[in-house]
Amino acid sequence: MTFLQHIKTERARQRKKKPLKRDVFNQICSLVKQYDLKESFLSVLDKVEDGLSGENFKFNRVKLKTPMENSLFSLATKDEYSLTMSIIAKVDNAYLKFATSPEEILLCGPLYRLNPLLTNQKLMRYHFETLLLHERAKANRKR
């Protein structure tokens with residue numbers, strides 16, 4: 001391959017369309033807007049532990065995710081931007097981009113501490129409460 005052919009193939013590769021991916025900011029900003037979250041949510045986020053008792057492992061039903069419509073680009077006010085960035089800084093784990101409700105934002109930390117290796121398919125399909133109960137039950141079985 002000559003240098004000229006290399007340049008042409010490299011430019012052709014760069015021109016290929018790449019799908020836009022939703023990032024954490026747009027996901028959380030959409031939740032802030034949709035649920036009209038305020039600064040008080042940060043204090044709840046600070047105080048949250050699991051929120052689920054360690055002995056309650058009864059699965060009445062498996063919670064599935066509720067579909068969420070959000071845009072690829074979020075236009076946020078100064079307050080929404082500040083709150084979104086604060087939530088991202090406090091939670092700061094890989095599961096946050098899969099959260100579809102404020103409850104799931106709260107459960108991100110405990111779930112990630114129990115199992116940081118969950119697959120994207122599970123995180124997209126099941127509610128974090130269901131996954132958290134499942135992981136706690138697995139941990140108790142091993143004891």
Side-chain angles (χ1 to χ4, degrees), residues 1 5-143:
M1 177 183 290
Q5 288 174 330
H6 175 71
I7 290 173
K8 286 181 181 179
T9 57
E10 185 64 26
R11 285 183 181 165
R13 185 186 61 78
Q14 290 175 352
R15 275 189 236 121
K16 286 184 181 176
K17 292 183 179 180
K18 297 174 184 142
L20 289 174
K21 295 181 182 177
R22 296 188 179 181
D23 61 351
V24 176
F25 177 81
N26 289 321
Q27 183 72 18
I28 301 304
C29 191
S30 296
L31 289 173
V32 167
K33 288 179 180 183
Q34 184 177 354
Y35 289 94
D36 196 29
L37 299 178
K38 303 292 180 201
E39 291 292 323
S40 60
F41 183 75
L42 291 176
S43 63
V44 174
L45 193 57
D46 285 336
K47 295 176 188 172
V48 74
E49 285 304 314
D50 296 11
L52 303 168
S53 68
E55 284 121 39
N56 184 12
F57 294 114
K58 296 177 185 170
F59 283 98
N60 294 335
R61 65 183 178 92
V62 174
K63 278 187 175 179
L64 296 176
K65 294 261 188 183
T66 55
M68 182 181 149
E69 292 284 328
N70 58 358
S71 61
L72 289 175
F73 303 102
S74 293
L75 297 175
T77 64
K78 182 179 176 183
D79 293 337
E80 290 169 343
Y81 177 81
S82 172
L83 180 59
T84 300
M85 294 306 289
S86 298
I87 291 170
I88 292 170
K90 281 188 186 290
V91 176
D92 194 31
N93 69 50
Y95 295 170
L96 187 59
K97 68 181 172 186
F98 298 102
T100 58
S101 69
E103 180 185 18
E104 286 191 323
I105 293 173
L106 297 174
L107 296 174
C108 273
L111 181 60
Y112 188 77
R113 283 190 296 275
L114 279 176
N115 187 354
L117 303 174
L118 288 174
T119 63
N120 291 351
Q121 289 79 16
K122 283 185 180 179
L123 293 168
M124 285 188 289
R125 184 169 185 187
Y126 299 107
H127 194 276
F128 286 3
E129 182 180 357
T130 302
L131 293 172
L132 184 63
L133 286 171
H134 177 71
E135 292 301 322
R136 290 178 122 197
K138 279 186 356 187
N140 279 351
R141 255 186 282 151
K142 289 179 183 179
R143 290 183 192 172

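Just so it is clear, the model here is predicted, and its values are computed rather than measured.
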Begin with the C-alpha distance, continue with both residues' side-chain angles, and end with the deciding distance and a verdict on side chain to side chain contact (heavy atoms under 4.5 Å, CB included) for Leu111 and Leu123.
CA-CA 10 Å; Leu111 181 60; Leu123 293 168; 4.3 Å; yes
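- To the nearest 0.5 Å, the span separating CG on Asn115 from CD on Glu135 amounts to 4.0 Å.
- No more than 12 heavy-atom neighbours from other residues, nucleotides or ligands sit within 6.0 angstrom of NZ on Lys8.
- Here CD of Gln14 is found 10.0 Å from OG1 of Thr9. Values are rounded to the nearest 0.5 Å.
- When the side chain to side chain donor-acceptor pair (under 3.5 Å) test is applied to Thr100, the partners found at least two apart in sequence or on another chain are Glu104.
- A heavy-atom distance below 4.5 Å is found between the side chains of Ser82 and Glu39.
- Separation of atoms CD1 (Ile105) and CD1 (Ile87) is listed at 5.0 Å; rounding is to 0.5 Å.
- Shown here for Cys29 and Thr84, the closest heavy-atom pair between the two residues is CA-OG1, 3.5 Å.
- Residues Leu37 and Pro102 come closest through the heavy atom pair CD2-CG, 3.9 Å.
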Stepwise side chain to side chain contact (heavy atoms under 4.5 Å, CB included) test for Leu106 and Phe41:
CA-CA 10 Å; Leu106 297 174; Phe41 183 75; 3.9 Å; yes
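- A pairwise comparison of heavy atoms in Ser101 and His127 identifies OG-NE2, 4.2 Å as the closest pair.
- Nearest heavy-atom pair across Ser74 and Phe25 is CB-CE2, 4.3 Å.
- Counting non-hydrogen atoms of other residues, nucleotides and ligands closer than 6.0 Å to CG of Leu75 gives a total of 12 or fewer.
- Listed by chain and number, the residues in a ring-ring contact (aromatic ring centres under 6.0 Å, His included) with Tyr95 are Tyr112 (sequence neighbours excluded).
- Interatomic distance, CG of Asn26 versus CG of Asp23, reported as 4.5 Å (0.5 Å rounding).
- Taking both residues in full, the closest heavy atoms of Lys65 and Met124 are given as CG-O, 3.1 Å, listed atom of the first, atom of the second, then distance.
- The shortest non-hydrogen separation linking Val91 to Cys108 is CG1-CB, 3.7 Å.
- Taking CD1 from Ile88 and CG from Leu96, the interatomic distance works out to 6.5 Å, rounded to the nearest 0.5 Å.
- Of the inter-residue distances, the one linking Leu31 atom CG with Asp36 atom CG reads 12.5 Å to the nearest 0.5 angstrom.
- Scanning for ring-ring contact (aromatic ring centres under 6.0 Å, His included) contacts around Tyr126 gives an empty result, with sequence neighbours left out.
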